[in-house]
Amino acid sequence: MKPIIHELGARVRDALAAIGVDADPLLARSGDPKFGDYQSNAAMGLAKKLGRKPRDLAQAIVDAITVDDLCEPPTIAGPGFINFRLSPSFLAARLAAIPPAPEDGSDRLGLGSAENPDVVVVDLSSPNLAKEMHIGHLRSTVIGDCVARVLEFQGHTVHRENHVGDWGTQFGMLVAYLKRTEPEVVENPDTLEIGDLESFYVEAKALFDADEDFKTESRETVVALQSGDPVIRRIWKAFCDESLRHCHAIYDRLGVRLIDRGESFYNDLMDEVIIRLEKARDSGDHDYVRDSDGALCIFPGGFTTRDGDPLPLLVRKSDGGFNYATSDLATILHRVEQLKATRIIYVVGITQKQHFDMLFAAARKVGWVDQEMPLEHLAFGNVLASDGRPFKTREGGVVKLKDVLEQAVARARGVIEKDSDLSADQADNVAETVGLAAVKYFDLCHSLKSDYKFNLDHMLAMEGNTAPYMLYAYARIRSIQRKAKVDHVQLTADMQITIEHPAEIELATKLLQFAEVIETVGRDLYPNVLTDYLFELAKSFSRFYDKKIGVRVIDAPEDLRLSRLRICDLTARVLKTGLRLLGIETIERM
RNA sequence: GCGCCGGUAGCUCAGGUGGAUAGAGCAUCGGAUUUCUAAUCCGAAUGUCGCAGGUUCGAGUCCUGCCCGGCGCGCCA
């Protein structure tokens, strides 16, 4: 079942072909319902090219088109828009054709899988293991998980790569500090527990700054670590494991699954990066790879320094050490050559834009990545405090992600408190779901590139484009189904759907847009397109079910009752599926 | 200095490939309703889309210049 917009587009293309024109049908969703559901904007542009009047050309297209199985007779409006309004019988047939939801929760709503599936790498979250995850890691984790879910849903193979920072210079300091404070780690590395990584880091840093001996020790430890000293490596490993346990407590809570592949994993590949680049440098016909001030560099071109000189990507520092360009190039080698990736998406803050522009340009320049292969930096803005300033604790420290989630869940508990139907356990469960959903949804409903202001009142409001509203809309439909005492699984078998009331038409049309929304999100990777759609769907349902302008459901005549209950069920399924793709779990009652 | 991102209603924010009278939520005002969960629905009001030019049938969207805010610009990641 392909998106309706493409079906209509194909019909317009055929009509154009019939009158001897090969052109893009320029199909779009109508901005205003009074113009119908879809419109073709092709006539205006083509008319000029063909030396004809736009409206005449539009008329010729309409005369040549066959769409009576999909919509009402198309109309021509304004300068030459061709408007299409889907017919109720088509809407009904299309909805009726959606197969029942499978038991295992993998509902696809009748959507097909990608014809040419990609192998997609999504680089997400990627915290530094030295410290605890903080508010700055929220967006990458949540956005990355969302696009990974959408791409998986479309049938692509997705690798979620958690490129954690576990190999930087600060690990010398941390391991040296660990050796002092937790000497038994050397004997029993598995038993290491650090309750508060953040303060552990602060303590280590304080000692590093105050104690010359410790500073020296730290530096020696880095060298020992990176040259493979088994004792140091063991302590380092214990520290990383412990740190990852902190991270995964959060990932588990958020329902995010990913593969940890830290910088250390790429250690050997970084050597390989250097070997290949030195070879290119020495070959004589890759002048963009060369040494500069003692550092091995790639000059991708198009980037300049403050003084206007060509800006290189530094791949090996003049002291022989590696930096993040080295490990990022190593990830590209691994992803392209080992994982066989056909699309790579880096979900990283927008402050890194120039770095990724240079990295991608360099990787293409040296031929490690084909020109056509998509390398995408999915860049996002900062999370700010509600006053628009940087999000800090009262003391000016970083805000731990764990604390933010805890606070949201606590506030959610307050929101649902008045409902006495739920047991204490159920209430806890609902609060957990609602609180986490609120944080995720609020993040995902903003456009990526701009900063947004973190506001618990907003994200936990029952009104407006929020998680609680969406979850309530879903729970409400489930409540209707319970009250109607109809098995909504059995309901789907061989049963006709009737679409005639304006509220039914509106809701049915909205339901069938799900396919094209998913397609858009999979291509452009804008989660807020999905949240906006789900919000509109929920509003359409409210009108559908409204006493004044909607239809009766439970007490409607039997045939309409079953049809409408099925529409309710389809709405619930689209909401559940859409929210699932956002990484949000639904609840049956709240 | 160069580059990138943002500037849209009182507030928070949306506005695929240029499309019709620029939207939503909140807040404000007015109306419906003894509820198939009112956590609702209908209506009203509110805009120099940062400014100025340009491109064209048509510009919030594309181009040029400028203003404001944020970020980045050689060995930290």
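Chain identifiers are assigned alphabetically (A, B, ...) following the order of the sequence lines, protein sequences preceding nucleic acid strands; residue numbering begins at 1 within each chain.
- With a 3.5 Å ceiling on both atom-pair distances, B:rC76 lacks any Watson-Crick or G-U wobble partner.
- The phosphate of B:rG6 (OP1 or OP2) has no side-chain N or O of A:Asn382 nearer than 4.0 angstrom.
- Taking only side-chain nitrogens and oxygens, A:Lys539 never comes nearer than 4.0 Å to OP1 or OP2 of B:rC42.
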For nucleotides 9-13 of chain B, give me every protein contact, N/O to N/O, under 3.5 Å, one pair per line with atom names.
unit_1, atom_1, unit_2, atom_2, d
B:rU12, OP1, A:Lys453, NZ, 2.8
B:rC13, OP1, A:Lys453, N, 3.2

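- Minimum atom distance to the side chain of A:Ile5 is reached by B:rG16, of the listed B:rG16, B:rU37, B:rA32.
- In this entry the distance linking OH of A:Tyr469 with P of B:rA24 reads 14 Å, nearest Å.
- With the nearest nucleotide of RNA chain B identified for both A:Pro468 and A:Arg523, A:Arg523 has the one nearer the 5' end.
- Remark: A:Glu278 CD to A:Arg290 CZ distance equals 16.0 Å, nearest 0.5 Å.
- If you measure from atom CD of A:Gln513 to atom P of B:rG16, you get 15 Å, rounded to the nearest angstrom.
- Summarising the geometry, the separation between CG on A:Asp32 and P on B:rA24 is reported as 11 Å, rounded to the nearest angstrom.
- Base pairing annotation: B:rC51 forms a Watson-Crick or G-U wobble pair with B:rG65, both donor-acceptor distances under 3.5 Å.
- A:Tyr38 places its OH atom 17 Å from the P atom of B:rU17, with the value rounded to the nearest Å.
- Counting only heavy atoms from C-beta on, A:Ser542 has its side chain closest to B:rU40 among B:rC36, B:rU40, B:rA20.
- When both distances must be under 3.5 Å, the Watson-Crick or G-U wobble mate of B:rA9 does not exist.
- The residue among A:Asp24 and A:Asp532 whose nearest nucleotide of RNA chain B lies closer to the 5′ end is A:Asp532.
- With a 3.5 Å ceiling on both atom-pair distances, the Watson-Crick or G-U wobble partner of B:rG3 is B:rC71.
- Here B:rU28 sits opposite B:rA44 as a Watson-Crick or G-U wobble pair (both hydrogen-bonding atom distances under 3.5 Å).
- For A:Arg543 and B:rC41, the shortest distance from a side-chain N or O to OP1 or OP2 is not below 4.0 Å.
- Between B:rA39, B:rA24, B:rC36, one nucleotide has an atom nearer to the side chain of A:Arg552 than all others, and that is B:rC36.
- Among the nucleotides B:rA14, B:rC41, B:rU37, the one closest to any side-chain atom of A:Ala475 is B:rU37.
- Here B:rU37 is the nucleotide among B:rA20, B:rG15, B:rU37 with the atom lying nearest to any side-chain atom of A:Ser479.
- Taking the P atoms as reference points, B:rU61 lies 13 Å from B:rA52, given to the whole Å.
- Between B:rC5, B:rU40, B:rU37, one nucleotide has an atom nearer to the side chain of A:Tyr545 than all others, and that is B:rU37.
- Look at A:Phe303 and the base of B:rG3; the rings do not stack under the cut-offs of 5.5 Å between centres and 30° between planes.
- Judged by centroid separation below 5.5 Å and plane tilt below 30°, A:Phe35 stacks onto the base of B:rA20.
- A donor-acceptor pair shorter than 3.5 Å can be found between the side chains of A:Asn323 and A:Thr326.
- Salt-bridge annotation for A:Glu7 and A:Lys2: absent, with no side-chain N of the basic residue lying under 4.0 Å from a carboxylate O of the acidic one.
- In this structure, of B:rU17, B:rA20, B:rC5, it is B:rU17 that holds the atom nearest to the side chain of A:Leu26.
- As the counterpart of B:rU56, no nucleotide is assigned, since no Watson-Crick or G-U wobble pattern has both distances under 3.5 Å.
- Not one side-chain nitrogen or oxygen of A:Lys353 sits closer than 4.0 Å to the OP1 or OP2 atom of B:rG3.
- Of the candidates B:rU37, B:rA24, B:rG19, B:rG19 carries the atom nearest the A:Asn41 side chain, counting heavy atoms from C-beta on.
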Practice problem: Assign a letter to each nucleotide of nucleotides 72-77 of chain B from its 5' end: B, base within under 4.0 Å of a protein heavy atom; S, sugar-phosphate only; -, no contact. | Solution: SBBBSB
